[in-house]
**Student:** 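I have a structure here, written as structure tokens, and I will follow up with some questions on it.
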Amino acid sequence: MATVSILIPAYKPDYLRKAIASAKAQTFTDIEILVGDDNVDGRLREIVEGFDDPRIRHFHHGLRDCRRNSEALWQRATGTYVKWLYDDDMLMPTSVEALVGALQANPDSAMAFHERVIIDSNDNVVQVPQPLLPAGQLARVDRAFLVHNMVAGANNFIGEPSNVMILRDGVDPSSLMAYRGWNFIFLTDVAMYLNLAERAPLTLVGGHLSCFRRHPTQNSSNASPTIAAGYYEWEALVRGEAAAGRMSADSLTRAKEYLTRTYAHAVESLGIKELVPLRRNLNALTESPTADLFTSSQYMADISEVFEMVRARANAA
């Protein structure tokens with residue numbers, strides 16, 4: 001049993017060695033590193049077992065579903081804390097140490113997170129985002145702050161799951177990354193942050209202590225057949241939070257303005273035609289009763305049409 005379980009839901013072999021090596025190199029050593037191989041043939045076993053470290057274990061899940069692979073890894077974890085690491089990202093050596101320290105200093109917190117730099121396929125740093133907080137400092141973030149600053153502006157300032165650590169006790173992995181019963185495709189991380197903040201405050205650790213890799217084959221690429229979800233899931237969050245009475249009129253107006261601009265760009269410049277049905281009815285965000293925004297018959301009809309279009313595009317890919 002370890003203090004921290006580092007969970008790597010893996011599918012691609014391209015950068016997996018680097019991800020595992022960065023987990024193994026942590027200054028906080030009371031860890032286990034669990035790799036969930038989501039390939040049908042278990043092809044990642046050789047990479048994982050090549051490290052010859054008893055803390056690193058390979059599990060062949062073969063589910064072809066990142067969310068279910070993540071849930072299966074969570075069930076295998078023994079640590080007090082769970083640290084995500086995706087197969088193409090990397091951790092700086094003090095990532096785990098900093099996050100454990102933040103959670104121990106804030107024992108009522110559900111999750112701690114730090115910032116990250118952006119790297120390319122060759123590990124070159126191509127972007128260093130403006131710091132949210134000076135390195136080493138801590139700040140607490142509540143759910144209202146997430147709704148106003150993350151959901152309303154479609155701004156995931158926490159970033160990817162590779163930046164976070166979660167207190168494992170009491171968390172149901174089957175619903176952790178779902179939003180109001182909806183299993184997202186792209187914004188599973190944002191759903192997770194909102195769900196955890198429902199339970200307790202989150203803790204921000206200042207400092208860029210992980211690396212998010214951008215490369216052409218990742219699911220968030222514009223070439224992905226499900227790329228439309230990266231847009232319409234933000235609208236679902238806006239509607240859900242507004243319907244629950246958690247979004248002010250000003251925030252809702254700001255969200256509508258953002259969605260209007262991004263839908264226009266996505267449809268007209270990127271050719272993501274799946275968003276057309278939703279784009280037609282964005283005025284409802286500020287003109288309809290907020291309590292109905294998530295379940296109105298018009299929205300249900302529009303999103304069903306979008307789902308059919310996304311499925312058709314995925315099947316044709």
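Every value quoted in this text rests on a predicted model; they were computed, and no experiment measured them. Just the heavy atoms: all of them, side chains too, but no hydrogens, waters or symmetry mates, feed the values below. Sequence positions, counted from 1, serve as the residue numbers for this chain.
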**Student:** Can you tell me how far apart CG (Asn106) and CG (Leu167) are? Round to the nearest 0.5 Å.
**Tutor:** 12.0 Å
**Student:** Taking ILVMFWY side chains as joined if any heavy atoms are under 4.5 angstrom apart, and letting links pass through other members, which residues group with Leu63?
**Tutor:** none
**Student:** Would you sort out whether Arg254 and Ser251 count as a side chain to side chain contact (heavy atoms under 4.5 Å, CB included), showing the intermediate values?
**Tutor:** CA-CA 5 Å; Arg254 182 159 57 97; Ser251 291; 4.1 Å; yes
**Student:** Check the side chains of Ser248 and Asp250 for a donor-acceptor pair under 3.5 angstrom, ignoring hydrogens and angles.
**Tutor:**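 Checked: Asp250/Ser248 side chains show no N/O donor-acceptor pair below 3.5 Å.
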**Student:** In plain terms, say whether Asp88 and Lys18 are close enough for a salt bridge, that is, a side-chain N and a carboxylate O under 4.0 Å apart.
**Tutor:** no
**Student:** Tell me who clusters with Met92, hydrophobic residues only, linked when side chains sit under 4.5 Å apart either directly or through other members.
**Tutor:** Met90, Val117, Ile119, Val125, Val128, Leu209
**Student:** Does the side chain of Thr80 reach to within under 4.5 Å of the side chain of Asp169, using non-hydrogen atoms?
**Tutor:** no
**Student:** Can Arg143 and Glu241 be counted as an ion pair, charged N to O under 4.0 angstrom?
**Tutor:**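 Glu241 and Arg143: salt-bridged.
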**Student:** Check Ala200 against Asp108 and note the closest heavy-atom contact, atom names and distance.
**Tutor:**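 Ala200 and Asp108 have their closest heavy atoms at CB-O, 3.1 Å.
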**Student:** Same cluster for Ile8 and Phe113 if Ile/Leu/Val/Met/Phe/Trp/Tyr side chains link at under 4.5 Å?
**Tutor:**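 Unlinked, Ile8 and Phe113 end up in two clusters.
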**Student:** Within the 4.5 Å heavy-atom criterion, are Val190 and Tyr179 side-chain neighbours or not?
**Tutor:** no
**Student:** Rounded to the nearest 0.5 Å, what's the gap from CG on Asp38 to CG on Leu44? Could you check?
**Tutor:** 9.0 Å
**Student:** Could you walk me through whether Met150 and Asn155 satisfy the side chain to side chain contact (heavy atoms under 4.5 Å, CB included) test, starting with their C-alpha distance in whole Å, then the side-chain angles of each, then the deciding distance to 0.1 Å, before giving a yes or no?
**Tutor:** CA-CA 5 Å; Met150 182 177 289; Asn155 172 29; 5.6 Å; no
**Student:** At what distance, to the nearest 0.5 angstrom, does OG of Ser224 lie from CZ of Arg313?
**Tutor:** 7.5 Å
**Student:** How would you list, by chain and number, every residue that makes a ring-ring contact (aromatic ring centres under 6.0 Å, His included) with Phe157, sequence neighbours excluded?
**Tutor:**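 Partners of Phe157 by the ring-ring contact (aromatic ring centres under 6.0 Å, His included) criterion, ordered by chain and then number, come out as Phe145.
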**Student:** CD of Glu257 to CG of Leu252: how many Å apart, nearest 0.5 Å?
**Tutor:**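 Answer for the CD-CG pair, Glu257 versus Leu252, is 10.5 Å.
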**Student:** Taking atom CZ of Arg140 as the centre, does the number of heavy atoms from other residues, nucleotides or ligands within less than 6.0 Å exceed 12?
**Tutor:**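 Enclosed: over 12 neighbouring heavy atoms sit under 6.0 Å from CZ of Arg140.
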**Student:** Going by an N to O cut-off under 4.0 Å, is there a salt bridge joining Arg311 and Glu308?
**Tutor:** yes
**Student:** What pair of heavy atoms forms the shortest contact from Ala228 to Val310, and how long is it?
**Tutor:**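 Minimum heavy-atom contact is CB-CG2, 4.1 Å.
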**Student:** Within a strict 4.5 Å, meaning less than it, do heavy atoms of the Leu270 and Tyr231 side chains meet?
**Tutor:** yes
**Student:** Which residue is it: Lys24, Arg57, Arg55? I am looking for the one with a salt bridge (Lys or Arg N to Asp or Glu O under 4.0 Å) to Glu32.
**Tutor:** Arg57
**Student:** So Leu237 and Phe184, do their side chains get closer than 4.5 Å, heavy atoms only?
**Tutor:** yes
**Student:** State which residue, out of Asp89, Asp120, Asp123, fulfils the salt bridge (Lys or Arg N to Asp or Glu O under 4.0 Å) condition with Arg213.
**Tutor:**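 Single salt bridge (Lys or Arg N to Asp or Glu O under 4.0 Å) partner of Arg213 among Asp89, Asp120, Asp123: Asp123.
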**Student:** Take Tyr232 and Phe307 through the test side chain to side chain contact (heavy atoms under 4.5 Å, CB included) and record every step on the way to the result.
**Tutor:** CA-CA 10 Å; Tyr232 67 68; Phe307 286 169; 3.6 Å; yes
**Student:** Determine, step by step, whether Thr295 and Arg239 satisfy the side chain to side chain contact (heavy atoms under 4.5 Å, CB included) criterion, reporting the C-alpha distance in whole Å, the side-chain angles of both residues, the deciding distance to 0.1 Å, and the verdict.
**Tutor:** CA-CA 9 Å; Thr295 56; Arg239 286 176 173 269; over 6 Å; no
**Student:** Could you tell me whether the side chain of Ile33 reaches within less than 4.5 Å of the side chain of Val48, counting heavy atoms only?
**Tutor:** no
**Student:** Quick check on the hydrophobic clustering: are Leu176 and Val151 connected, directly or via other members, by side-chain heavy-atom contacts under 4.5 Å?
**Tutor:**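 Cluster IDs for Leu176 and Val151 match.
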**Student:** Verify the neighbour count for atom CZ of Arg17: are there more than 12 heavy atoms of other residues, nucleotides or ligands below 6.0 Å?
**Tutor:**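 No.
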**Student:** Is there a side-chain contact between Ile303 and Glu235 (heavy atoms, below 4.5 Å)?
**Tutor:**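 With C-beta onward as the side chain, the pair stays apart.
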**Student:** At what distance, to the nearest 0.5 angstrom, does NE2 of His58 lie from CD1 of Ile20?
**Tutor:**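 Rounded to the nearest 0.5 Å, the NE2-CD1 separation comes out at 9.0 Å.
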**Student:** If I compare all heavy atoms of Val4 with all of Lys83, which pair ends up nearest, and what's the gap?
**Tutor:** CG1-CB, 3.9 Å
**Student:** Between Tyr193 and Trp84, does the ring centroid distance fall short of 6.0 Å?
**Tutor:**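 That pair fails the under 6.0 Å test.
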**Student:** Do the charged groups of Glu198 and Arg246 touch, with an N to O distance under 4.0 Å?
**Tutor:**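 So Glu198 pairs with Arg246 through a salt bridge.
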**Student:** His61 versus Leu73: any side-chain heavy-atom pair under 4.5 Å?
**Tutor:** yes
**Student:** Would you say the side chain of Leu196 lies within less than 4.5 Å of the side chain of Leu202, judging by non-hydrogen atoms?
**Tutor:**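 Yes. Closest side-chain heavy atoms under 4.5 Å.
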**Student:** Just verifying a value: how many Å separate Leu85 CG and Ser162 OG, rounded to the nearest 0.5 Å?
**Tutor:**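 Spacing of CG (Leu85) from OG (Ser162) equals 5.0 Å.
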